[in-house]
Amino acid sequence: MLKTDGVTIRFGGLVAVNKVSIHVRKGQITGLIGPNGAGKTTFFNCISGVYKPSEGHVVFDGKNIEGMRPHKVNAAGMARTYQVINLFRKMTVQENIMVGMHSRLKSNFWSDLLRLPNQRKEEKFVREETEKWMEFVGLQDMRDHEAGSLSYGKQRLLEIVRGLASEPKLILLDEPVAGMNSKEKEEFDALLRRILNLGVTILMIEHDMKLVMGVCDYVYCLEHGSLLAEGVPEVVQNNPDVIAAYLGGDE
Amino acid sequence: MKNKKLSGNLLKCLVAVVVALLVPVLLGGSSYMCLVACFVTIYTISASGLDVLYGYSGQISMGHAAFYAIGGYGAGLLSEYLGIPLFISMFIAAAIAALIGALLAFPASKLKFHFLSLATIAFGEIIYQIVTNSPGRITGNYNGFFHSKLDIFGLKLDNNIKFYYFGLVCVVLFLIAKTMIVRSRTGRAFIAIRENTQAAEGMGVNVRKYKIIAFAVSAFFVAFAGSMYLGLVGYLHPDMYLQKQSVLFVTMMLFGGSASLAGPIIGAISIEILLEGLRTFEEYQMLIYGILLLIVIVAMPGGIVGAVKNIKAGILRRRAQKLDKEV
């Protein structure tokens, strides 16, 4: 599904990400862990087109996508959420999801202006489709609430369905349970399973080890921009380097 | 619930249109008052156009007087030198302005808020210089530009009441167009860019493309309004296109309330009436704009429309609290 090959990102002299190669397999949940400042989010930004890698390749669904603009990456079938919640705060829950559908829709300026029959049909489809997504995460009673007024956990959920609304092949989740309460966290496992059942592959950055170890099929651990370890969760969890990186053990 | 709200809005619009139709009667057919009403129609279209750009897409322009000039002079020159009837050249001039707006937005779409406002100020200055130092003096430079008033295929709009009704038709058409654009995939892309450019791009919105569209649409609105001015007054002077005209548009939009249908209308009406009332203090115009802008920015960021909404929400909340207490 997604393969990176020796991806390196430099900002001036600083190497933020150093020769990282990962492989996200179709239909799996792949985890990306690592201490703060390890370069996980930078790496995500590179995959989703925000940054262009200084070296290396990103291959998504058989196509080279490094250096593609974010909106093109989205249209190619990759959606994402953000570490810092990046909703359209003044838009309603429903409108946020509508924007998420943007790349699937065909109406253009002229058909919007003149309300051509195709456009009307499409807008009807958009409304029905957004209903489906609001139900998917239980936000249907809040359709007209401004996104910025939701609780933190609900905002996370909205970000995820906004991403899913583009019907991606792969979704990148950047710390999806940060800010959720314990009940929401508990329900999150099940939500991830339901996302997989939609045929969407997941790549997830997460600090919550219980969640990562419980749901991920494969885990990569980054430290100081380099891959420290990889493997199934049990293996990574017991890797002495990983333990040292997390607990700050001696070099 | 949703339908109720929709028909409620439709009702409000109908009431507004009926009131607008009666305006000349209410003003007792006074020619001067009707002229003021004509200016309100022109400014409503201008402020609404700027609203598409600022209110919805979050892109500031402090140089929209340039498009106002392109509309006025463009329509006038096309009609004067190519013999195209003014009514048709108005649309051509607006289309040219839209094209220029798109060309301006192409590089400007990379600029963030304050740099964009500087770039648009510079653009306004460029157009002003062209108008005052035109090749072959085709714009009449500082003497101004004269043109016969608007007639639509022989129907002469030779008094202010007639022009007012023409202006009203234009307002209704432009506001319908604005609503159609704003409540659609295109409009959602605009708002998404305003709310969070990074996320909009991540959701597949081609940010540059939509910024260009927003610039072009707003240029079309403002330029058409500029050409209406020529049709109404029959005379243009370069000093109408100084920086303060751009500030006037911004003031009207912000004072009424941006990102709304009613805001620019309310802004155009209230500021125009205020300016006419204070004609004798014309040298203090910039001071008045400045004070109004400060009031809006500091005390009521949503303009009049936003303030009314807040008051309504406050009343509802208090009523809900009262009910809670009673129960």
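Note on naming: letters A, B, ... go to the chains in the order of the sequence lines (proteins, then strands), and numbering restarts at 1 for each one. Atom set for the values below is all heavy atoms of this structure, side chains included, hydrogens, waters and symmetry mates excluded. Quantities reported herein were computed from a predicted structural model and do not represent experimental measurements.
Of the listed residues (A/E159, A/R80, A/M91), the greatest number of heavy-atom pairs within a distance under 4.5 Å of chain B belongs to A/M91.
By the neighbour-count criterion of 12 heavy atoms within 6.0 Å, atom OH of A/Y152 is sparsely surrounded, having that number or fewer from other residues, nucleotides or ligands. Counted within 6.0 Å of CZ on B/R183, heavy atoms from surrounding residues, nucleotides or ligands total 12 or fewer; the atom is thus considered open. By the 6.0 Å contact criterion, CZ on A/R120 is open, its count of non-hydrogen atoms from other residues, nucleotides or ligands being 12 or less. Heavy-atom contacts from other residues, nucleotides or ligands closer than 6.0 Å to NZ of A/K132 number more than 12.
Taking 4.5 Å as the limit, some side-chain heavy atom of B/S184 sits within range of a side-chain heavy atom of A/Q119. A 4.5 Å side-chain heavy-atom check between A/D112 and B/R185 finds at least one atom pair inside the cut-off.
Considering CD of A/E95 and CD1 of B/I191, their distance stands at 6.0 Å, rounded to 0.5 Å. A distance of 9.5 Å separates CG in A/N96 from CG in B/N196, rounded to the nearest 0.5 Å. Note: A/H102 NE2 to B/T186 OG1 = 7.5 Å, rounded to the nearest 0.5 Å.
At least one donor-acceptor pair closer than 3.5 Å links the side chain of A/N74 to the backbone N or O of B/G202. The backbone N or O of A/R89 lies less than 3.5 Å from a partner atom in the side chain of B/E195, making a donor-acceptor pair.
Of the two parts of A/L87, only the backbone, made up of N, CA, C and O, holds a non-hydrogen atom closer than 4.5 Å to a non-hydrogen atom of chain B. For chain B, no part of A/R104 is nearby; none of its heavy atoms comes within less than 4.5 Å. Both the backbone and the side chain of B/A200 come within contact range of chain A, judged by heavy atoms closer than 4.5 Å. Only the side chain of B/V217 comes within less than 4.5 Å of a heavy atom in chain A; its backbone stays farther off. If you measure heavy-atom distances from A/S107 to chain B, the contacts under 4.5 Å come from both the backbone and the side chain.
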*Working for side-chain contact (heavy atoms from CB on, under 4.5 Å), residues B/I181 and A/F109*: CA-CA 7 Å; B/I181 294 166; A/F109 174 77; 3.7 Å; yes
_For B/M203 and A/F88: C-alpha separation, side-chain torsions, deciding distance, then whether side-chain contact (heavy atoms from CB on, under 4.5 Å) applies._
CA-CA 11 Å; B/M203 297 307 122; A/F88 309 118; 4.2 Å; yes
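Aromatic rings from B/Y210 and A/H71 are positioned such that their centres are separated by 6.0 Å or more.
Annotation for B/Q198 and A/N86: closest pair OE1-ND2, 3.0 Å, computed over non-hydrogen atoms.
At a threshold of 4.0 Å, the pair A/E123-B/R188 counts as salt-bridged, since one of the basic side-chain nitrogens sits closer than that to a carboxylate oxygen.
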